[in-house]
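Just below is one structure, and these are the notes that go with it.
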Amino acid sequence: MKGTSASTLEVFQGQVPGGSGGFLVPGPRCGPRTGGSNDFDFAVGGSFPPRPMGSVREQMKQGAFTLAQSEAATASLALRGGSVVEAYARGHLRLLEPSPPIQGASTSLTDYTSALPGVPPEAAWAYFVRNPGPVFESAGIRLQPPTGTLADGAKVFLEEKGPPPVWAPVAFQLEAKTLTVHITTLDGHPLRGTNRFVFEEDGAGGTRLRQYSAFQGSSPATTVGLKLMDPIERQHDIWRGVHAHLHDTLVSR
């Protein structure tokens, strides 16, 4: 990791599965890729690295979905998307159920935070919901099928070119009253996990963005992936890019 420094985060607010008895490690501070600092920071806790959880049968099911979706991602990249790929993605997503962390099992935790000075929380939340494509493209991820505006309950694949290519399925839950976006992984995602984005008042007319992440491995493929690459550092980089995009797009307006 680069640019490490002490973290001042209040980590893991609220009820988090498997969060007791964990440890706290500060993550690197890193501003957005362009523009001024957004005070991006994160800390990790719980059980690291994430280990596959669930019965053997459950892990085999998740591994089979992961393999099939990796093959679909390879085809999508070869075909450069298109109507056939989009139709397949929509049909396949209907088969997938939520795959959140298993309650009471060892869970990896991350708490991200960043600042959007001068941007009201309502405006930041609305931008995230109405522009998911650009938000995730800033981290090198394409939504499949392409999605203009998020709807409550929307299911999409987060497509990464890899290697290896990945279709990571997720579902979105929107809470307009609390300015919160929940993301839950679906069957076949390499991780069982949740991400909760909370757009809070910063007391000075701006937004403090808090992101609470909890995840476990979904199958032995998680362990293999940890040996071949660094998917956790990639996850940090994805969310660093998302926070940076929100800052660079909204604060400069």
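Note that the numbering runs from 1 along the sequence shown for the chain. This one's a predicted model, so the numbers in the text were calculated from it and none came from an experiment.
- Using cut-offs of 30° and 60° for the angle between ring planes, the Phe128 and Phe136 rings count as perpendicular.
- Rounded to the nearest 0.5 Å, atoms CZ (Phe215) and NE2 (His189) are 10.5 Å apart.
- Other residues, nucleotides and ligands place more than 12 heavy atoms under 6.0 Å from the CZ atom of Arg90.
- Within the 3.5 Å criterion, the main-chain N or O of Pro165 finds no donor-acceptor partner in the side chain of Glu160.
- Put simply, the side chain of His247 does not reach to within 4.5 Å of the side chain of Val119, judged on heavy atoms.
- Of the possible polar contacts, none joining the Thr113 side chain to the Arg210 backbone as a donor-acceptor pair under 3.5 Å is found.
- A donor-acceptor pair is defined here as one N or O able to donate and one able to accept, closer than 3.5 Å; no such pair exists between the side chain of Thr74 and the backbone of Ala72.
- Here the side chain of Thr185 pairs no donor or acceptor atom with the backbone of Val170 at under 3.5 angstrom.
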Legend entry - side chain to side chain contact (heavy atoms under 4.5 Å, CB included) between Tyr112 and Asp41, worked out: CA-CA 6 Å; Tyr112 302 91; Asp41 198 5; over 6 Å; no
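- Atoms CG and OG, on Asn131 and Ser138 in that order, are 11.0 Å from each other to the nearest 0.5 Å.
- Side-chain contact between Leu186 and Leu93 is present, with at least one heavy-atom pair separated by less than 4.5 Å.
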Legend entry - Full working for side chain to side chain contact (heavy atoms under 4.5 Å, CB included) between Leu209 and Leu246: CA-CA 10 Å; Leu209 175 54; Leu246 293 172; 3.7 Å; yes
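- Side-chain atoms of Ser219 never come within 3.5 Å of backbone atoms of Gln62 as a donor-acceptor pair (strictly under, hydrogens ignored).
- Side-chain contact of His243 with Gln211: a donor-acceptor pair under 3.5 Å is present, judged by distance alone.
- Side-chain contact check for Arg51 and Ser106: at least one donor-acceptor pair (N or O, by modelled atom type) lies under 3.5 Å.
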Legend entry - Stepwise ring-ring contact (aromatic ring centres under 6.0 Å, His included) test for His182 and Phe172: CA-CA 6 Å; His182 298 271; Phe172 291 86; over 10 Å; no
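- Of the options Thr194, Asp111, Thr107, Asn195, a side-chain hydrogen bond (donor to acceptor under 3.5 Å, both in side chains) to Ser213 is made by Asn195 and by none of the others.
- Note that NZ of Lys161 and CD1 of Ile141 are 12.0 Å apart. Values are rounded to the nearest 0.5 Å.
- For the 3.5 Å distance criterion, the side chains of Ser83 and Glu86 fail to qualify, holding no donor opposite an acceptor.
- Within the 3.5 Å criterion, the main-chain N or O of Leu96 finds a donor-acceptor partner in the side chain of Lys155.
- Ile238 and Val135 fall within the same hydrophobic cluster, where Ile, Leu, Val, Met, Phe, Trp and Tyr residues are linked whenever their side-chain heavy atoms come under 4.5 Å apart, directly or through other members.
- The side chain to side chain contact (heavy atoms under 4.5 Å, CB included) search around Ser76 returns Val85, Arg142, Gln144, Glu159, Trp167, not counting sequence neighbours.
- With sequence neighbours left out, the salt bridge (Lys or Arg N to Asp or Glu O under 4.0 Å) criterion links Glu58 to Lys61, Arg192.
- In the hydrophobic cluster analysis, where Ile, Leu, Val, Met, Phe, Trp and Tyr join through side-chain heavy atoms closer than 4.5 angstrom, Phe42 is grouped together with Ile183.
- In terms of hydrophobic clustering, with Ile, Leu, Val, Met, Phe, Trp and Tyr side chains grouped at heavy-atom distances under 4.5 Å, Val56 and Ile102 are assigned to different clusters.
- With Gln216 contributing its side chain and Gly193 its backbone, the two residues share no donor-acceptor pair below 3.5 Å.
- Of the possible donor and acceptor atoms, none in the side chain of Ser114 sits under 3.5 Å from a partner among the backbone N and O of Asn38.
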Legend entry - Criterion side chain to side chain contact (heavy atoms under 4.5 Å, CB included) on Leu179 and Val198, from CA distance to verdict: CA-CA 6 Å; Leu179 302 179; Val198 184; over 6 Å; no
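- Residue Val242 is grouped with residue Leu191 when hydrophobic side chains (ILVMFWY) are merged at heavy-atom distances under 4.5 angstrom, including chains of intermediate members.
- Of the inter-residue distances, the one linking Arg196 atom CZ with Gln173 atom CD reads 11.0 Å to the nearest 0.5 angstrom.
- Annotation: the span from Trp125 atom CH2 to Thr178 atom OG1 amounts to 8.5 Å, rounded to 0.5 Å.
- Panel note: side chain Thr207, backbone Glu201; no donor-acceptor pair is recorded below 3.5 Å.
- Cluster membership for Tyr88 and Leu158, using ILVMFWY side-chain heavy atoms within less than 4.5 angstrom, is not shared.
- With rounding to the nearest 0.5 Å, the separation of CZ in Phe65 from CG in Asp187 is 5.0 Å.
- Less than 6.0 angstrom separates the ring centroid of His245 from the ring centroid of Tyr127.
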